[in-house]
Amino acid sequence: MSDIIQLLPDHVANQIAAGEVVQRPASVVKELLENSIDAGATTITLLLKDAGKTLIQVIDDGKGMSVTDARMCFERHATSKIQKAEDLFNLNTKGFRGEALASIAAISHVELKTKQKTDELGTCIKIEGSKVNSQEFINTAIGTSIAVKNLFYNIPARRNFLKSDTVETRHIIDEFQRVALAHPTITFLLHHNNNEVYHLKSSNLRKRIVNVFGVKMNEKLVPINEQTDILTIEGFVAKPEYAKRKRGEQFFFVNDRFIKSSYLNHAVVNAFDGLLENGMHPSYFLYLKVPTKSIDINIHPTKTEIKFDNEKALYAMLRATVKHSLGQYSIAPVLDFDRDATLDISYNQKKNNSQTSAPKILVDPDFNPFKEEKQSEIRFPFKREKKQENWESLYTSVISDNEKQEELFSENEDKIQKTFQIQRKYVLSLIKSGVVLIHQSLAHQRILYEEFLESITVKEANSQQLLFPVKISFSSQEIEMIYTIKSELENAGFSFDEFTKESVTIKGIPISVTESKITIILEQLLNDIDLEVPDTSFSHFDIMAKSFAKTLAIKTGTKLSEKEQDALVNDLFSCKEPNVSPFGKSIFKTLTLNEIDNLFNS
Ligand code: ADP
Ligand code: MG
């Protein structure tokens, strides 16, 4: 038998290695941005075409490369950042594996232009699939520009595997944000298909966060600051009332490198103990500095996971620091999540028999999240006092406004009421065989959902023109997102006037939307799209209809007139699927006369 083992040619080995480093356009973006930072750049520009599928170009004003280095940098395991194994334990650079450029050049068309300060002429190298096609001297600015075109052109399977432009752009923006947040003093620009998406000027940390996420972020931030021998913690957490349903804005940076750590996340979430509603996630931007020797970055190829020597101490310190800052800055109203909003109405009314007063927000100026007893005292005043009420209050609480009270008990018997609202939450409707109990908010969600879905997909939507167009500010990332779903939004009844980097001007809205709700429904929609990462336009439609329905549906606690109750019942039962809400919850229950009888026969 002859020998059969042979070494793979370099370009094949590189292509295989590329699979590990480059999963998608966003991976290229990350590697190129990190190289520019390692080169000491003060301004970094990222240019994209078609979500990076056609072009990813990074231009920096860093130290550039010599002619020889320009050629060398595309070799596998070629790096200027470490020389020996020990260096791995004392890393001050982003890169060190010497694999990124070799991998990228194996699976795309690369054009490198670079020049050092001391050189008169720069170098331009063109490579396709690891093969150098040309190398020449050129006139170029100090620094480096690397253009990566047609990613995965020679691996069709990978190219076809790429997601829609919306999704790939999302991944790129995630990477871009992480790098930009880690280096607030560096100026970053991002252009996508010749539109400027970000222009982040060199600034302090707080400004950088606000520039990335929009002006609304500023008021949400609580500063964090702690310095000990083994660790410095800096940054911000968002106040508890701004917690989000998705985990979006959670950032840890360790020695200026974005990392993922469920362990440290746990420490932060733990510090919010008692301040967050179930299922809500706090936003945070936390910058940890630890001695380079005490961490190991080498455990994951994309370098987003690291190992700490003294994890437990870090955990405790992080938790205590965040908790302390929250305690100091927590001037927020007490959020009353456990209590059912409908319970307070009757109580108020009993005391003040003639008039209903406007709902008040409970604010406790002495609120301290660490004092547990205090908190529960504020939380359940209604439940506690309710016990002391006598049986009469049961009636006043069932019928929660005077008007209805009169109607119900008036001598005038000729009008038979068929629907009743219970606790401003359910509508009870009489039917031949018994009663049906309908959850008002879920029912309205279903009605709105079917209405929107139909107007978006089937017929022309009914749009109302606004007398005065409304200008709404968003972060540039949100604007980008609205722009990609613009045509679907137009189907739904929106019409747009002007898109700028920070705002959208809206001149028409769907009939069922009121002007005051525009911002909230768009914000909720962006949030929902973000959560689902939809890929086809059908699911866009569906998410949109669901999101609008959820935001616009009447809520528990809303009083309904008899007419409204009637309309709700009728509209619900003319829906295609009246049984379940768009999110799969049951909308109503029926109780037959038989079942009611049985309640009394046991
Ligand atoms: P690594 O970053 O792990 O060293 P890369 O393949 O990303 O590996 O880059 C190889 C080398 O090319 C780097 O070590 C650096 O010397 C050089 N290099 C890459 N990008 C730049 C840049 N933008 N400016 C200057 N030098 C660069
Ligand atoms: Mg690198």
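Start at 1 and go down the list; that is how both ligands and their atoms are numbered. Everything numeric here is computed off the predicted structure, so don't read it as measured data. The first residue of the sequence shown is numbered 1, and numbering continues consecutively from there. Note: hydrogens, waters and symmetry copies are ignored here, and every other heavy atom, side chains too, is used.
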**Prompt:** Side chains of N265 and Y284: do they bring a donor and an acceptor to under 3.5 Å?
**Reply:** yes
Out of [options], whose heavy atom sits nearest [atom]?
atom	options	value
atom 11 (C) of ligand 1	S66, C73, G64	C73
atom 26 (N) of ligand 1	E99, K81, M72, M65	M65
atom 19 (C) of ligand 1	I104, T79, L101	L101

**Message:** If the cut-off is 4.0 Å to any non-hydrogen atom of R97, which atoms of ligand 1 fall inside it?
**Reply:** 3 (O)
**Message:** With heavy-atom distances below 4.0 Å as the criterion, list the atoms of ligand 1 near G95.
**Reply:** 2 (O), 3 (O)
**Request:** Decide if atom OH of Y263 counts as having more than 12 heavy atoms of other residues, nucleotides or ligands within a radius under 6.0 Å.
**Result:** yes
**Prompt:** Is I230 atom CD1 crowded by more than 12 heavy atoms from other residues, nucleotides or ligands, each under 6.0 Å away?
**Reply:** yes
**Asked** So, F285 versus F213, ring centres under 6.0 angstrom or not?
**Response** yes
Less than 3.5 Å between some nitrogen or oxygen of [X] and one of ligand 1, yes or no?
X	result
F96	yes
D38	no
I146	no

**Message:** Taking backbone and side chain together, does T79 place any N/O/S atom at a distance below 2.8 Å from the Mg ion (ligand 2)?
**Reply:** no
Test item, [X] contacting ligand 1 (heavy atom, 4.0 angstrom):
X	answer
G62	no
E31	no
K63	no

**Item:** Qualifying residues under ring-ring contact (aromatic ring centres under 6.0 Å, His included), relative to F137, sequence neighbours excluded
**Value:** none
Where's the contact between [X] and ligand 1, heavy-atom distance under 4.0 Å: side chain, backbone, both or neither?
X	answer
A41	neither
T114	neither
A100	both

**Message:** Does the plane of the ring in F499 sit parallel, tilted or perpendicular to the ring in Y483? Use 30° and 60° as the thresholds.
**Reply:** perpendicular
**Message:** Could you check whether D528 pairs with K546 (Lys NZ or Arg NE/NH1/NH2 to Asp/Glu carboxylate O, under 4.0 Å)?
**Reply:** no
**Item:** Sole residue of T166, I173, I172 in side chain to side chain contact (heavy atoms under 4.5 Å, CB included) with T169
**Value:** I173
**Complete:** side-chain hydrogen bond (donor to acceptor under 3.5 Å, both in side chains) filter on H281, not counting sequence neighbours, yields none
**Message:** With side chain to side chain donor-acceptor pair (under 3.5 Å) as the test, pick out the partner of H109 among N154, N150, N133.
**Reply:** N150
